[in-house]
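Here the structure is laid out as structure tokens; the discussion comes afterwards.
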Protein chains: 2
Amino acid sequence: MTSSDNGPDQPWNQQRLRSSNERLLLERLRTAPASRAQLARETGLSKPTVSSALASLEAAGLVREAGHHTPERGRAAVLYTPDPAAGYALGIDIGRAWLRVALADLDGTVVARTDVRNKARSSAAMADLVVTTAHRLVAGSAVPPADVVHAVVGTPGVYDPEAHRVRYALHLPGWGRAGLFDRMRDELGVPLAVHNDANLAAVGEHAFGVGAGSRLFVYVMIGTGLGMGIVADGRPFTGASGAAGEIGFLPWNGREPDTLEDAVSGDAVVRAARALGMTGPLTAKSVFESARAGQAAAVTAVRQEGERLAHTVAAVAAVLDPELVVLGGGVGHSADLLLQTVGDTLRRLTPLRPKVAASALGEDAVLLGAVATALGTARDVVFAQRT
Amino acid sequence: MTSSDNGPDQPWNQQRLRSSNERLLLERLRTAPASRAQLARETGLSKPTVSSALASLEAAGLVREAGHHTPERGRAAVLYTPDPAAGYALGIDIGRAWLRVALADLDGTVVARTDVRNKARSSAAMADLVVTTAHRLVAGSAVPPADVVHAVVGTPGVYDPEAHRVRYALHLPGWGRAGLFDRMRDELGVPLAVHNDANLAAVGEHAFGVGAGSRLFVYVMIGTGLGMGIVADGRPFTGASGAAGEIGFLPWNGREPDTLEDAVSGDAVVRAARALGMTGPLTAKSVFESARAGQAAAVTAVRQEGERLAHTVAAVAAVLDPELVVLGGGVGHSADLLLQTVGDTLRRLTPLRPKVAASALGEDAVLLGAVATALGTARDVVFAQRT
DNA sequence: TGCTTAAGTTAAGTTCCTTTACTAACAGCG
DNA sequence: CGCTGTTAGTAAAGGAACTTAACTTAAGCA
């Protein structure tokens, strides 16, 4: 049989032991400042070990003193905290309409951010825009460019690191060209990882939004297209080929090869509204606003959207059994309008009923997911470099 | 943000270090016997460390000498191998028609096995049958009962360890009673874990069948009901409440609350055949045999089954993106008849096309999955006890 | 000022790993 | 038959990192 993976696959020696314990202390300090004695009690390490590890971490610039704490009785304790300025991470969201870039310190605090209207005509121009925007953001901040250790970019489609290109990015002409992201990486001068936007949105919502603390949850991204990100045990779940959550491809009406994407995306709401007699220059947003105002055709269109969404959620629940389903993306603003219908329909459809909630981060989910992901790598890199 | 889980969450000291390295050597030895020098080269540990760890393992009865190997030149090497008799594990499959029990040593070799016709009238009688059959199997083998360290039982439904009972076991009256498995555990006298049968079948197929080496695959179990097991990175993926893979609840025809289970299970094939004019005492197996013989109505019924199955697979592919889909369960014998239709339909439905294959283990998948799962725990337990 | 209490350090001792150097065993060969 | 080259395995010494136990430091308080 193939080995199930318990047990270590690396030999341990004293150096790894030390490094591991320093890491343990650093991670503990990220939750709150603490004294040596407190760390010893909480981690199970002895006081001398904590002292010595903390001295190493301080010498490496990874932690610093953070004031004192005077207990009820006895000597005052020196508190330590991670040094947020030990490194910085870049998060980048390449969206349909906006390019967003955020620079965060190792605490996860966003220290600089910019949102640029996406007017690029070609994929090459887009790539250039990403690089210059990122460079400008860092230059405009007080952060030394050399301290930016990692970047993560979110884009529609599935990045294939073997082929150095994005697949399935159907709406973006030229975006699937090989080498595009390699060039971006070179010009950016910072290690760059590419992830699917829905997956990043899920990570963002898990790190900073309503998904916090959930062991298994999904983020359904409804906008121009339809996508889903999955976070299991704190990590994105991407499937065998990176295509997990491509629910636009779900079969949905028994026979025809219509895509669910066409039936549930933001555009579908507009089409449904027109079919129901609404006229004029409609957008998904305007239809939802009309529905909110009680306009009958809009209400019906939104209800239909909710029902189809419920089918989607039911399918996801049957396969994955998530604890929580978060609705977000372009129509995220109006998720509250959909929740009722989705909930009601779900009750009719299946005994498996995950909680359904609206996104807490709105338009920022992808960007914050990119930041959170870059942050993870950045912390690893900084720790490895400085110790 | 909540911490992403890199970094250790336990302090390391010398004892854990030693234990971890012994574990590393033991796991390596499971792949093939090896000498101290070879282990040192392969693991990166030094020769003295390997010697000393191996001495501990031998003293603990976890490994033993296994002959010699004479290299091209130089001194002959003493080979070591895990002692398979250091402990034993029980796998139990409680199926509709058969109760199967297997006893395996730590190598995973089945040393005793029995298949008993399931004629129990009540859940209590069934529980008794399980216990007496297991006891009889162990008594009839040369294995000392005290050396059986763990058991895993597979059953339809989802075991809820909080409530001490099985949920969703709709076809088995009384099977959902609280405390049933607690009593079984007590009378068995061996720690007992309860898992869903489809999940175990997936684990079995991953450990011993066509799923070997697959990073992410699913096992679709088609029989009296319809279920699915998921194995991701070698571990079963059970979802937030243990209901992942309950694809019987997938919505499938747009509107009605028909369950997919009713449409795709073995019984559905029989119903379809009758609707197409077949008469007499039909079973799923007989319909498949008629189809194999070219009987028109049966062929049509099987094709319909294949098409519906393809829809199921397409849905699973869109959500999970597995590398491989294995078809098994009661109709597993006839999976070859379905593969063609499933493949063709899948090509029409979606660009996401996982490999689809027939189960290699047939009726034994659940049992072998239970063995593999029990084995994993048994190895941990034996290692912990003896060191 | 001295007592109590908790924080943090020092020193000794233990464990486990590595390096280096050695011994053991085997094969080919003069 | 012993010498040589090669590989396996052990012994001894040294070092890294942990723990325990005892000590020192610092704060509040009578």
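The basis for the numbers below is simple: all heavy atoms, side chains too, and nothing from hydrogens, waters or symmetry mates.
- Residue B:Thr49 is classed as a base contact, given a heavy-atom separation below 4.0 Å to a base.
- Nucleic acid contact class of B:Arg41 (heavy atoms, under 4.0 Å, all strands): sugar-phosphate only.
- Between the NE2 atom of A:His68 and the C1' atom of C:dG8 there is a distance of 13 Å, rounded to whole Å.
- We find that CZ of B:Arg18 is positioned 11 Å from P of C:dT15, with the value rounded to whole Å.
- A salt bridge links A:Glu42 to A:Arg28: at least one charged side-chain nitrogen sits closer than 4.0 Å to a carboxylate oxygen.
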Mind listing the N/O atom pairs, protein and nucleotides 20-30 of chain C, below 3.5 Å?
| unit_1 | atom_1 | unit_2 | atom_2 | d |
| --- | --- | --- | --- | --- |
| C:dA24 | N3 | B:Arg75 | NH1 | 3.2 |

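- Here the side chains of B:Ser56 and B:Glu22 are in contact, with some heavy-atom distance below 4.5 Å.
- At most 12 heavy atoms of other shown residues, nucleotides or ligands fall within 6.0 angstrom of atom CD in B:Gln15.
- Look at CD on A:Glu65: it is 16 Å from P on C:dA7, rounded to the nearest Å.
- Taking the six-membered ring for Trp and thresholds of 30 and 60 degrees, A:His206 and A:Phe217 have nearly parallel ring planes, at less than 30 degrees apart.
- Applying the 4.0 Å criterion to OP1 and OP2 of D:dA17, one finds that A:Asn21 has every side-chain N and O outside that range.
- Comparing the helix axis at one end of the helix from C:dT1-D:dA30 to C:dG30-D:dC1 with that at the other, each defined from 5 consecutive pairs, gives an inter-axis angle of 30° (nearest 10°).
- Picking from D:dA8, D:dA17, C:dC16 the nucleotide with the shortest atom distance to the side chain of B:Ala37 gives D:dA8.
- Under a cutoff of 6.0 Å and an axis angle of 45°, B:Arg36 and B:Tyr80 do not form a cation-pi pair.
- Side-chain N/O atoms of A:Ser52 include none lying less than 4.0 angstrom from OP1 or OP2 on D:dA17.
- Remark: the backbone N or O of A:Asp233 is not paired with any side-chain donor or acceptor of A:Arg215 at under 3.5 angstrom.
- The CD-C1' distance, from B:Gln10 to D:dC18, rounds to 16 Å in whole Å.
- Spacing between atom CG of A:Leu17 and atom C1' of C:dC17 amounts to 11 Å, rounded to whole angstrom units.
- Proximity of a side-chain donor or acceptor of B:Thr109 to a complementary backbone N or O of B:Asp105 within less than 3.5 Å is not detected.
- A straight line from CG of A:Leu45 to C1' of C:dT9 spans 17 Å, rounded to a whole angstrom.
- Here the shortest heavy-atom pairing between B:Ala60 and B:Thr387 reads CB-CG2, 4.5 Å.
- In this structure, the side chain of A:Asp364 does not engage the main chain of A:Leu367 through any donor-acceptor pair within 3.5 Å.
- Within the structure, every side-chain polar atom (N or O) of B:Ser46 is placed at least 4.0 Å from both OP1 and OP2 of C:dT19.
- One can place CG of A:Leu54 at 16 Å from P of D:dA17, the figure rounded to the nearest angstrom.
- Residue B:Leu24 contributes atom CG, which lies 16 Å from atom P of C:dC16 at whole-angstrom precision.
- Using a distance-only test at 3.5 Å, with no hydrogens or angles considered, a donor-acceptor pair links the side chain of A:Arg16 to the main chain of A:Pro11.
- When distances run from any side-chain atom of A:Ser51 to the nucleotides C:dT9, C:dC16, D:dA8, the shortest one goes to C:dT9.
- In this structure, A:Leu79 and A:Gln14 both approach DNA chain C, and ranking their closest nucleotides by distance from the 5' end singles out A:Leu79.
- Counting any heavy atom pair closer than 4.0 Å across all strands shown, B:Val50 reaches no nucleic acid atom.
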